[in-house]
Amino acid sequence: MALQLGDTAPDFTADSTAGKISLHDYGGNSWVVLFSHPKDFTPVCTTELGEVSKLKAEFDKRNVKVLGLSVDPLSDHKAWVGDIEETQGCALNFPLLADPDRKVSDLYGMIHPNANDTLTVRSVFVIDPNKKIRLTLTYPASTGRNFDELLRVIDSLQLTDKHKVATPVNWKQGGDCIIVPAVSNEDAKKMFPDGWDEQKPYLRVVKQPH
């Protein structure tokens with residue numbers, strides 16, 4: 001069975017560029033982004049790892065720890081790090097897991113045999129502090145991921161966990177939200193005393209809570 005939203009993220013221990021890592025211990029009380037790369041010394045992966053390194057401050061302020069993975073051995077990872085810094089202008093600043101036996105890749109369903117039966121595709125798992133999987137994304141090897149979109153979704157998850165709202169299409173931090181249907185108007189008056197725009201009984205637009 002493929003991992004689904006709400007499932008507990010399976011724990012594992014694996015070698016990485018930052019030493020041996022156990023997922024649940026590494027995550028601690030933070031959110032975790034676990035994302036796989038088809039292969040070391042490949043162009044798209046190099047740009048992705050450089051971009052995520054540049055975004056470290058954005059992940060930090062959201063209490064997110066990042067964890068990369070590919071099926072190549074640790075020696076290749078360590079040799080690749082220099083290329084990433086040279087070409088992307090930023091040193092790798094998060095752990096990159098080595099998974100040569102594909103233990104983690106198989107556990108998380110990162111290998112899609114009809115795409116490639118030996119290499120991982122570009123899988124993403126967002127895991128909350130309770131170790132629950134909150135987001136999954138799968139990109140083909142030929143397409144680099146949009147990490148601004150990943151940050152946007154994390155913002156939405158963290159906001160909607162705290163307040164009884166949902167985020168509409170193309171929402172960005174600071175944008176209007178929607179009061180969830182489970183909240184009655186009576187309760188909404190207590191939660192959102194400044195009111196809302198009731199476009200339909202089921203579509204109540206409200207300023208983003210803070």
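The figures that follow rest on heavy atoms only: side chains count, while hydrogens, waters and symmetry mates do not. Note that the structure is a prediction, hence the values are computed from the model and not measured.
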Enquirer: What are the two closest non-hydrogen atoms of P209 and V165, and how far apart are they?
Expert: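 The answer is CG-CG1, 4.1 Å.
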
Enquirer: Could you tell me if the side chain of V64 sits less than 4.5 Å from the side chain of S30, heavy atoms only?
Expert: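 Counting from C-beta outward, S30 and V64 never come under 4.5 Å.
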
Enquirer: Among residues at least two apart in sequence or on other chains, which ones pass side chain to side chain contact (heavy atoms under 4.5 Å, CB included) with K78?
Expert: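 Testing K78 for side chain to side chain contact (heavy atoms under 4.5 Å, CB included), a comparison that skips the adjacent residues, returns L74.
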
Enquirer: With sequence neighbours left out, write down each residue that passes side chain to side chain donor-acceptor pair (under 3.5 Å) with D148, or none if nothing qualifies.
Expert: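 Listed in chain order: nothing, the list is empty.
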
Enquirer: Rounded to the nearest 0.5 Å, how far apart are CG of D11 and CG of D25?
Expert: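 These two atoms lie 7.0 Å from each other.
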
Enquirer: When rounded to the nearest 0.5 angstrom, what distance separates NE2 in H37 from CE in M110?
Expert: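 Taking NE2 in H37 and CE in M110, the distance rounds to 9.5 Å.
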
Enquirer: Would you confirm whether S184, through its side chain, and D187, through its main-chain N or O, come within 3.5 Å as a donor-acceptor pair?
Expert: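 Judged by distance alone, yes, a pair lies under 3.5 Å.
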
Enquirer: Heavy-atom distance under 4.5 Å between the side chains of T167 and I178, does that happen here?
Expert: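 No. Closest side-chain heavy atoms not under 4.5 Å.
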
Enquirer: Please find the pair of heavy atoms, one from Q88 and one from T47, that lie closest to each other, and give the distance.
Expert: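 That closest heavy-atom pairing would be OE1-CA, 3.6 Å.
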
Enquirer: What residues form a side chain to side chain donor-acceptor pair (under 3.5 Å) with T46, not counting sequence neighbours?
Expert: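 Side chain to side chain donor-acceptor pair (under 3.5 Å) list for T46, sorted by chain: W80.
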
Enquirer: Do P100 and D72 come close enough that some side-chain heavy atom pair is under 4.5 Å?
Expert: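 Not in contact.
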
Enquirer: May I ask you to decide whether D194 forms a salt bridge with K207, counting only side-chain N to carboxylate O separations under 4.0 Å?
Expert: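 Between K207 and D194 there is no salt bridge, as every charged N stays at least 4.0 Å from the carboxylate O atoms.
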
Enquirer: Report, one line per pair, each donor and acceptor closer than 3.5 Å where one atom sits in a side chain of residues 123-140; sequence neighbours left out.
Expert:
residue : atom : partner : partner atom : Å
D128    : OD1  : N130    : N            : 2.8
D128    : OD1  : K131    : N            : 3.1
D128    : OD1  : K132    : N            : 3.0
D128    : OD2  : R134    : NH1          : 3.2
K131    : NZ   : G28     : O            : 2.7
K131    : NZ   : P129    : O            : 3.2
K132    : NZ   : T8      : OG1          : 2.8
R134    : NH1  : D161    : OD2          : 2.9
R134    : NH2  : D161    : OD1          : 2.8

Enquirer: My understanding is that only residues two or more places apart in sequence, or in another chain, count here; which of them pass side chain to side chain donor-acceptor pair (under 3.5 Å) with S75?
Expert: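 Applying side chain to side chain donor-acceptor pair (under 3.5 Å) to S75 gives none.
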
Enquirer: Check P95 against T17 and note the closest heavy-atom contact, atom names and distance.
Expert: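 Heavy-atom minimum between the residues: CA-OG1, 3.6 Å.
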
Enquirer: Indicate, with yes or no, if F147 and W31 share a hydrophobic cluster defined by side-chain heavy-atom contacts under 4.5 Å among Ile, Leu, Val, Met, Phe, Trp and Tyr.
Expert: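 They do share one cluster, since a chain of ILVMFWY contacts under 4.5 Å joins W31 to F147.
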
Enquirer: Who passes salt bridge (charged side-chain N to carboxylate O under 4.0 Å, His left out) against E149, sequence neighbours left out?
Expert: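 Applying salt bridge (charged side-chain N to carboxylate O under 4.0 Å, His left out) to E149 gives R152.
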
Enquirer: Quick one: are F35 and V52 in side-chain contact, heavy atoms under 4.5 Å?
Expert: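 With C-beta onward as the side chain, the pair touches.
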
Enquirer: What residues, two or more places apart in sequence or in another chain, satisfy ring-ring contact (aromatic ring centres under 6.0 Å, His included) together with F192?
Expert: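 Counting only residues at least two positions away or on another chain, F192 forms no ring-ring contact (aromatic ring centres under 6.0 Å, His included).
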
Enquirer: Consider only side-chain heavy atoms of I, L, V, M, F, W and Y, link residues closer than 4.5 Å, and tell whether V32 and I21 are in one cluster.
Expert: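 Yes; tracing contacts between hydrophobic side chains, which count when under 4.5 Å, links both residues.
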
Enquirer: With no hydrogens and no angle check, do the side chains of D40 and H77 hold a donor and an acceptor under 3.5 Å apart?
Expert: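 On atom types as modelled, these side chains qualify, holding a pair under 3.5 Å.
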
Enquirer: Is the F12 to Y26 ring centre distance short of 6.0 Å?
Expert: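 When the ring centroids of F12 and Y26 are compared, they turn out to be at least 6.0 Å apart.
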
Enquirer: Can you name the residues that form a side chain to side chain contact (heavy atoms under 4.5 Å, CB included) with K20, not counting sequence neighbours?
Expert: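 In terms of side chain to side chain contact (heavy atoms under 4.5 Å, CB included), with neighbours along the sequence ignored, K20 is linked to T13, D15.
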
Enquirer: For a salt bridge (Lys or Arg N to Asp or Glu O under 4.0 Å) check, start with the C-alpha distance between K189 and E186, then their side-chain angles and the critical distance, and finish with the verdict.
Expert: CA-CA 5 Å; K189 288 174 185 175; E186 184 177 334; over 6 Å; no

Enquirer: D155: what forms a side chain to side chain contact (heavy atoms under 4.5 Å, CB included) with it, not counting sequence neighbours?
Expert: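 With sequence neighbours excluded, D155 shows a side chain to side chain contact (heavy atoms under 4.5 Å, CB included) to R62, W171, Q173, given in chain and number order.
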
Enquirer: Within a strict 4.5 Å, meaning less than it, do heavy atoms of the L96 and V81 side chains meet?
Expert: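 Of all side-chain heavy-atom pairs linking V81 with L96, none is under 4.5 Å.
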
Enquirer: Do V206 and D176 touch side chain to side chain, with heavy atoms closer than 4.5 Å?
Expert: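 SC-SC contact between V206 and D176 ruled out.
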
Enquirer: I need the minimum non-hydrogen distance between A141 and P38, along with the two atoms involved.
Expert: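 Taking A141 first and P38 second, the nearest heavy atoms are CB-CG, 3.8 Å.
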
Enquirer: With rounding to the nearest 0.5 angstrom, report the OG to CD1 distance, S105 to I111.
Expert: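 Rounded to the nearest 0.5 Å, the OG-CD1 separation comes out at 4.5 Å.
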
Enquirer: Measuring from K54:NZ to L49:CG, what's the distance to the nearest 0.5 Å?
Expert: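 With rounding to 0.5 Å, NZ (K54) is 11.5 Å from CG (L49).
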
Enquirer: Could you list the donor-acceptor pairs under 3.5 angstrom formed between side-chain atoms of residues 196-204 and any protein atom two or more places apart in sequence or on another chain?
Expert:
residue : atom : partner : partner atom : Å
D197    : OD2  : Q199    : NE2          : 3.1
R204    : NH1  : V183    : O            : 2.9
R204    : NH1  : N185    : OD1          : 2.8
R204    : NH2  : V180    : O            : 2.9
R204    : NH2  : V183    : O            : 2.7

Enquirer: Using 4.0 Å as the upper bound for N to carboxylate O, is an ion pair formed by R122 and E48?
Expert: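 Salt bridge flag = yes for R122 with E48.
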
Enquirer: Using side-chain heavy atoms (C-beta onward) and a distance below 4.5 Å, is L150 in contact with V33?
Expert: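 Yes; the side chains approach each other to less than 4.5 Å.
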
Enquirer: Heavy atoms only: give me the nearest A9-H24 pair and the separation to one decimal.
Expert: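 Looking at all heavy atoms of both residues, the shortest contact is O-NE2, 2.7 Å.
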
Enquirer: Please identify each residue that fulfils salt bridge (charged side-chain N to carboxylate O under 4.0 Å, His left out) with K65, with sequence neighbours left out.
Expert: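 For K65 there are no salt bridge (charged side-chain N to carboxylate O under 4.0 Å, His left out) partners, ignoring immediate neighbours.
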
Enquirer: Mind checking what makes side chain to side chain donor-acceptor pair (under 3.5 Å) contact with D60, not counting sequence neighbours?
Expert: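 Once residues adjacent in sequence are excluded, the partners of D60 under the side chain to side chain donor-acceptor pair (under 3.5 Å) criterion are K56.
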
Enquirer: From E85 CD over to T87 OG1, what is the distance, rounded to the nearest 0.5 angstrom?
Expert: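 Here the rounded value is 9.5 Å.
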
Enquirer: Would you give the length of the straight line joining atom OG of S36 to atom CG of L97, rounded to the nearest 0.5 angstrom?
Expert: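 So the OG of S36 and the CG of L97 are separated by 10.5 Å.
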
Enquirer: Could you pull out the closest heavy-atom pair between V44 and S142, with the gap in Å?
Expert: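 Heavy-atom minimum between the residues: CG2-O, 4.4 Å.
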
Enquirer: In the structure I gave you, are the side-chain heavy atoms of L159 and C177 within less than 4.5 Å of one another anywhere?
Expert: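 Heavy-atom side-chain distance check passes, below 4.5 Å.
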
